[in-house]
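Convention: sequence-line order gives letters A, B, ...; per-chain numbering from 1.
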Amino acid sequence: FRHSSQYRFWSFTPEQLTQKRIQVNAQATSSVGESLRNFISENQANLAEEDIKSIEEKAVPVTMEEEIKLVSIYAKKLQGIAQHLNLPTEVVGTSITFFRRFYLENSVLQMHPKLIVLTTIFLACKSENYFIGIDSFSQKTKRPKDSILKYEFQLLESLRFSLLVHHPFKPLHGFFLDIQAVLHGKVDLKYMGQIYDKCKKTITEALLTDVVYFYTPPQITLAALLLEDEALTTRYLELKFHGNFQAASDSTNQESNEVISKSNLTINFDVLMNLITSCKQQIEKPTTVSVEEAIAIDAKVQFCSDPNKL
Amino acid sequence: EYTKEKKVGEGTYAVVYLGTKQSTGRSIAVKEIKSSAFKDGLDMSAIREVKYLQEIQHENVIELVDIFLASENLNLVLEFLPSDLEVIIKDKSILFTPADIKSWMLMTLRGVHHCHRNFILHRDLKPNNLLIAPDGQIKVADFGLARTVPSPHEILTSNVVTRWYRAPELLFGAKHYTSAIDVWSVGVIFAELMLRIPYLPGKSDIDQVEVTFRALGTPTDRDWPDVSSFPAYNKLQMYTPPSREELRRRFIAASENALDYLCGMLTMNPQKRWNTVQCLESEYFKEAPSPTEPSKIK
Amino acid sequence: DASKRFTINDALYEDPFIKDLQERKEFIASGFRVDYVYNRVLTEAFM
């Protein structure tokens, strides 16, 4: 995983992520501010006093926090469109991931999210070998072809050309199997199947949050499992890691070293539990934005990009 | 930072130039992807090259040095690799030894193994995609047909791998194949290195089936369970597999372990075919002669 | 740490979806192997 582009380019601490967003927003704010000033000076002659006043009041660059809200609104829209297109779970996940990463490199002030949503889904389909020709894609989404294709390069460049995304879905399948082995005979399979389906949904929701930048895919999976069934997940992890870790501290006992040498698991149970618990809390944190607020933010972006609308 | 000094190749979706990385003076190859060539936007081959080369850093896989957009074209900056195994095989003035072949096989398998352990299928292994660096290292190149190992239910196209190196399951139109298809290709390349002529040169997809089974025997349900369930299995000419003696005569330079290694990679049944770990750990690589040090291969 | 943090115990796995595929002719003939699937998802889980 540490060799993957996902770790090398798209893993951050919360501080780094905030810093990145502040920087992108600041850059866009200054260039929008400048273009608004130019707009006013170039149109001085035919702008009435109250026009200038309303531009200064309403065409105000959005803040970083407002950007985050607008992006998360459109990420949900994107998820809806991708699911409406009946795309496989992983393709939906990749679409969301590409979209959110794009807005770590660009501001909504430079590229309105509605312009890039379909391009993102189209590129994700290609990248995940779920190829849909532009003709049928344009037909299904009722959007002209070139409006979808024209941003493909820019999207690819903003993604830093990293297209391979590791999602928490395969780890979910892996843990589904390993839980059966570690808790053999103690888990009801039908119940496990229900957990599995619920976790898939939780994971797709998690992809809409920043946990994808702070945690590895399997950690997100374990957080989703913890969310769905804390007792089962804790029991599994204790048996899987705590036993070994416990034995390591009790070095007198010969067979415990065999346990370590056999599994040589170097994962510390307590560290892992703290980590996936904090991940779980972040997944649970609501990110809803009210419609009014969404409209207000969107209006600001529109007026900034085209003050004539005012 | 990068110059394009000499055009050295042109394909359907890209033009390749030789150039230099200005800051270091390093020779590089620039693969310029033609944006207009593909009506569906960015070409799938380009997307695959970018997607997989970004993830793989290995001595025996071509290095993606950089990527940049210039005047609406995507440019992949790759390490410069002046030759390839096809050139070596064809040029009869070049003499090479069994130790050289073993070295090329070892490096190729290391590169392919690294792809497979990252769950990436190459799907176009052939001599001219095994490039040779100035220091003699073999580098697996051209990931334009690569893809990740599919999810179990996914359906794959069998129209991959250049015909002569195409595994029998692909010839039968398999949709759920595995990394075993790459191992078959490596096996055919090994045979070609020993014979210095193409081993299974089918003139068409139909002829490829004929050529493959005439050389290695027509598979049956006994050695390849359910092979007869492939729609394309009917109307097949039945050939018996070659005896060990016949194989010895065909590959006179090959030791017993080399023949085992060849047969392991060219096992008809993909479920039984050797994987890259079995290949790398085979007796062939342990017995004399040891593989030539890459930089010493003439 | 190149060691795998899991062992494949397919006798202990109840995975109806995969088990079903394993029985299908077109999967068997294509070279489909259950241990490859398990190895893939367990590797992703323990990476």
Side-chain angles (χ1 to χ4, degrees), chain B residues 55 113-121 147-158 160 166-184 219-233 265 267-278, chain C:
Chain B
E55 308 301 324
H113 171 244
H114 189 67
C115 295
H116 290 177
R117 72 176 164 182
N118 279 285
F119 304 107
I120 293 167
L121 307 178
R147 67 153 289 154
T148 45
V149 166
S151 297
H153 57 283
E154 264 186 274
I155 291 181
L156 286 84
T157 172
S158 56
V160 289
R166 202 173 292 166
E169 61 268 32
L170 295 175
L171 299 175
F172 283 131
K175 300 186 185 72
H176 307 285
Y177 51 83
T178 67
S179 48
I181 64 163
D182 284 337
V183 172
W184 176 277
T220 63
D221 281 344
R222 191 164 24 82
D223 50 81
W224 180 351
D226 292 323
V227 68
S228 61
S229 68
F230 282 122
Y233 187 78
M265 292 190 286
T267 299
M268 281 290 167
N269 179 358
Q271 280 189 336
K272 294 281 176 284
R273 196 173 302 147
W274 285 12
N275 60 37
T276 49
V277 174
Q278 287 167 295
Chain C
D1 174 3
S3 64
K4 293 193 176 234
R5 291 173 170 150
F6 61 89
T7 47
I8 295 182
N9 301 300
D10 42 352
L12 301 180
Y13 304 145
E14 261 314 295
D15 192 333
F17 172 63
I18 301 295
K19 297 275 194 223
D20 163 57
L21 298 184
Q22 188 180 11
E23 307 304 322
R24 290 203 213 158
K25 287 180 182 296
E26 59 171 325
F27 280 79
I28 297 168
S30 296
F32 178 82
R33 283 178 49 166
V34 163
D35 56 330
Y36 281 12
V37 176
Y38 291 157
N39 179 55
R40 175 84 192 280
V41 295
L42 284 161
T43 302
E44 292 269 352
F46 289 95
M47 71 178 174

| query | Do any of residues 12-23 of chain C come closer than 4.5 Å to chain B, heavy atom to heavy atom, and if so which ones, in number order? | reply | C:Phe17, C:Ile18, C:Leu21

| said: Quick check on the structure: residues of residues 32-43 of chain C within a heavy-atom distance below 4.5 Å of chain B, by number. | reply: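 So the qualifying residues are C:Phe32, C:Arg33, C:Tyr36, C:Val37, C:Asn39, C:Arg40, C:Thr43.
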
| message | Could you measure the distance from the CG atom of B:Asp226 to the CZ atom of C:Arg24? Nearest 0.5 Å is fine. | response | 13.0 Å

| said: Within this structure, what is the CZ-OG distance for the pair B:Phe230 and C:Ser30, rounded to the nearest 0.5 Å? | reply: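 Separation between the atoms: 4.5 Å.
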
| Listed partners of B:Lys175 passing side chain to side chain contact (heavy atoms under 4.5 Å, CB included), at least two apart | B:Ile155

| query | Nearest heavy-atom pair of C:Gly31 and B:Pro270: which atoms, and what distance? | reply |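 Heavy atoms only, the tightest pair is CA-CG, 3.5 Å.
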
| query | Looking at B:Pro152 and C:Phe27, what are the two nearest heavy atoms and their distance? | reply | O-CE2, 3.4 Å

| said: Between B:Gln271, B:Arg117, B:His153, who has the most heavy-atom pairs with chain C when the cutoff is under 4.5 Å? | reply: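 Counting heavy-atom pairs under 4.5 Å, the top option is B:Gln271.
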
Please state whether the side chain, the backbone, both or neither of [X] comes within less than 4.5 Å of a heavy atom of chain C.
X: B:Pro168; answer: neither
X: B:Tyr177; answer: both
X: B:Val227; answer: backbone

| Given the options C:Lys25, C:Met47, C:Glu44, which has more heavy-atom pairs under 4.5 Å with chain B than any of the others? | C:Lys25

| Which pairs with one or both residues in residues 267-278 of chain B pass salt bridge (charged side-chain N to carboxylate O under 4.0 Å, His left out), sequence neighbours excluded? |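 Listed by first then second residue: B:Glu169-B:Arg273.
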
